[in-house]
Amino acid sequence: MVCKLHQKCMPQRVFVCLMAFLGLTIGNMMRFSMSLVLTFIAIPKQKKFKASECEVVRKNETVTREIIFEWDEKTQGQILGAFFYGYILTQMPAGIISDLFGPRRIAFWSTFLTSIITFLVGPITHIFDWIGLFVIRLFTGLFQGAFYASLHAVVAVWVPKTERGRLGTFVFVGAHMGNFGSVTITGFILYGLGQKRWEWLFYIYGGCGILWALLFFFMTYDNHTKCPEGLLKESEKSKLDDYYNSIKKKEKVKFFDMPWKYFATNLPVYALAVGLWGHCWGIFVMINNIPKFMASVLGFDVKSNGMYLGGAYLLMVLIAFASSAVVDWIEKKKLMSLTWNRIIFTTIGSALPSLGLIGVTYCECDGTCAFVCLIIGFGCMGTFYPSLKVNGIDLSTNYGGTIGATGHWLGTTAGAMGPPLVAAIAPDSTISQYRIVMWLSFILMSATNIFYILFASANVQKFNYYQPKPKEPAK
């Protein structure tokens, strides 16, 4: 009964995408708020009574602020990196399972377990110090990796090709609505709670995650053929039936019967994976290290930090939605091939953000200049979502979960490498040290984008229609 409450408001495929969007928003708030939280509760010993390099906002904050945890840059890098160590492990298995058995249960259990582990952040950290928080972050990554992988399968089965730019973007841009919340909402909540009650932030986010998981489980289905009679309007059912017929939806295959050899030898799949690696490097450097740069170098307090970063994330979301409409319009009018459509918007989302990252470090102590460069860097990354992020589904709707999860799995290695490497390059959090980090990011993002330009495709690959040969009956 509850699953029909939204029926008059929107089509079921839009509702599923809305729920996926909200799930990704809440998930990212649970997982990426830690980068801002660390600037609030952790101070390296050597900076105990030292102001930031640029005494902009918090001239006396490091003296009056209570030191809850004395963790150096290397320790904080390990805490941030722990998430990605877990994130790497579950994406491919979850993507494969979502393709074979449906994404609904994967999405439910991964978010439900993430929420439970989020409740434990405060108690475990107080008992076991940074080691406890490291383990918590590791398990958060394990569960969230499975969730993100399942969303590729959700989009593949629920979103027709002509709506993939808009609805696909709508789903995946939930990550940056979550990032927006993880800095703005987190900043205000921490500012209101104070340092001694910082762990209440994770009780709030964990509760939101449990609520979403229950709603998603009882109000969505693996695909439109599983919906109860009367849930879909005839027009929507006809649209989704036509979509399934057009992609020649495969019969169920077993794990060992999937076209693994063709995945491993397909150049556009490699182009997608390399492009995603460059994108992940850029976005994870931004998410994990820009808050620290703003606090340690420019001297912004937790609330100001959250407001500035939140503005950048919000612009990214707006650009993602605007560019998704343009992408779908170009595809509808057939103004260029879908492959070049994807390449152009992916390149915009690589070149301008990497230049913005460099610009931040050349603003010296000018907070306004840094914010403008930050806006350019974060905002233009929004064009990735109707291009690179949905490209795996272009290659194969039948194996969209597996292809998307594989590409993102390889990309996640950038997130695992990033925090420890940045901590090693910028141990003192100075402008000159962060400048090296940003130039490295520019080189990596440019090189991976060039590879994508050369070998990318948006054409359906032959392995999409692969069917294992029937086994001969035993004589």
Side-chain angles (χ1 to χ4, degrees), residues 12-32 87-88 90-115 140-161 163-179 209 212-213 215-217 219-224 272-273 276 279-280 283 317 320-321 324 384-412 415:
Q12 179 68 11
R13 68 186 187 283
V14 176
F15 177 76
V16 171
C17 290
L18 173 63
M19 289 299 296
F21 164 84
L22 292 174
L24 198 50
T25 298
I26 295 169
N28 270 45
M29 290 175 69
M30 287 190 283
R31 71 195 201 185
F32 285 133
Y87 200 59
I88 289 172
T90 52
Q91 290 195 61
M92 284 188 67
I96 294 166
I97 293 170
S98 296
D99 278 337
L100 295 179
F101 304 106
R104 175 167 154 265
R105 286 177 175 80
I106 294 289
F108 166 74
W109 280 111
S110 56
T111 302
F112 184 81
L113 293 173
T114 299
S115 304
T140 302
L142 284 169
F143 301 140
Q144 281 287 289
F147 175 69
Y148 198 90
S150 71
L151 295 185
H152 289 90
V154 169
V155 173
V157 299
W158 278 103
V159 181
K161 182 179 178 181
E163 299 175 341
R164 195 172 295 154
R166 286 165 294 172
L167 288 181
T169 294
F170 180 60
V171 169
F172 291 115
V173 86
H176 293 302
M177 280 305 294
N179 295 338
W212 179 89
L215 290 175
F216 186 82
F217 185 78
M219 298 181 72
T220 67
Y221 300 88
D222 282 323
N223 58 63
H224 83 285
L272 172 66
L276 281 171
H279 167 67
C280 288
I283 195 64
V317 172
F321 283 132
S324 70
F384 267 118
Y385 289 85
S387 53
L388 188 67
K389 282 291 185 182
V390 297
N391 189 204
I393 302 168
D394 294 329
L395 301 180
S396 175
T397 49
N398 290 331
Y399 299 101
T402 302
I403 298 300
T406 302
H408 202 72
W409 168 72
L410 291 171
T412 301

Engineer: Which distance, rounded to the nearest 0.5 Å, do you find between the OG of Ser396 and the CD1 of Ile403?
Structural biologist: 6.0 Å

Engineer: Just verifying a value: how many Å separate Phe216 CZ and Leu18 CG, rounded to the nearest 0.5 Å?
Structural biologist: 11.0 Å

Engineer: Taking all non-hydrogen atoms of both residues, which atom of Gln12 and which atom of Tyr221 are closest, and how far apart?
Structural biologist: NE2-CD1, 4.2 Å

Engineer: Run the ring-centre check on Phe172 versus Tyr148 and record whether the distance is less than 6.0 Å.
Structural biologist: yes

Engineer: Using side chain to side chain contact (heavy atoms under 4.5 Å, CB included), reason through Leu388 and Leu276 one step at a time and then give a plain yes or no.
Structural biologist: CA-CA 7 Å; Leu388 188 67; Leu276 281 171; 3.8 Å; yes

Engineer: Nearest 0.5 Å please: distance from the CD atom of Gln144 over to the CD atom of Gln91.
Structural biologist: 10.5 Å

Engineer: Quickly, which of Ile106, Thr111, Leu113 forms a side chain to side chain contact (heavy atoms under 4.5 Å, CB included) with Phe147? Name it, please.
Structural biologist: Thr111

Engineer: Can you give me the closest heavy-atom contact between Pro103 and Ala153, atom names plus distance?
Structural biologist: CB-CB, 4.0 Å

Engineer: Pair Asn28, Leu24 - check side chain to side chain contact (heavy atoms under 4.5 Å, CB included), show working.
Structural biologist: CA-CA 6 Å; Asn28 270 45; Leu24 198 50; 3.9 Å; yes

Engineer: Determine, stepwise, if the pair Arg104 / Thr220 fulfils side chain to side chain contact (heavy atoms under 4.5 Å, CB included).
Structural biologist: CA-CA 7 Å; Arg104 175 167 154 265; Thr220 67; 3.9 Å; yes

Engineer: Compare every heavy atom of Ser150 with every heavy atom of Ala107, then report the nearest pair and how far apart it is.
Structural biologist: CB-OG, 3.7 Å

Engineer: One pair to check against side chain to side chain contact (heavy atoms under 4.5 Å, CB included): Arg105 and Asp222. What are the steps and the verdict?
Structural biologist: CA-CA 8 Å; Arg105 286 177 175 80; Asp222 282 323; 4.3 Å; yes

Engineer: Judged by atom type as modelled, is there a donor-acceptor pair below 3.5 Å linking the side chain of Thr25 to the main-chain atoms of Gly174?
Structural biologist: yes

Engineer: Describe, in one word, how the ring planes of Trp158 and His224 are oriented to each other, choosing from parallel (under 30°), tilted (30 to 60°) and perpendicular (over 60°).
Structural biologist: perpendicular

Engineer: How long is the straight-line distance from CZ of Phe108 back to CG of Leu215, given to the nearest 0.5 Å?
Structural biologist: 11.0 Å

Engineer: Is a side-chain donor or acceptor of Trp212 paired with a backbone partner of Met19 at a separation under 3.5 angstrom?
Structural biologist: yes

Engineer: Looking at every non-hydrogen atom in both residues, tell me the closest pair between Ala20 and Val171 and how far apart they are.
Structural biologist: CB-CG1, 3.8 Å

Engineer: Grab the two heavy atoms, one from Ala146 and one from Thr90, that are nearest each other, plus how far apart they are.
Structural biologist: N-OG1, 3.3 Å

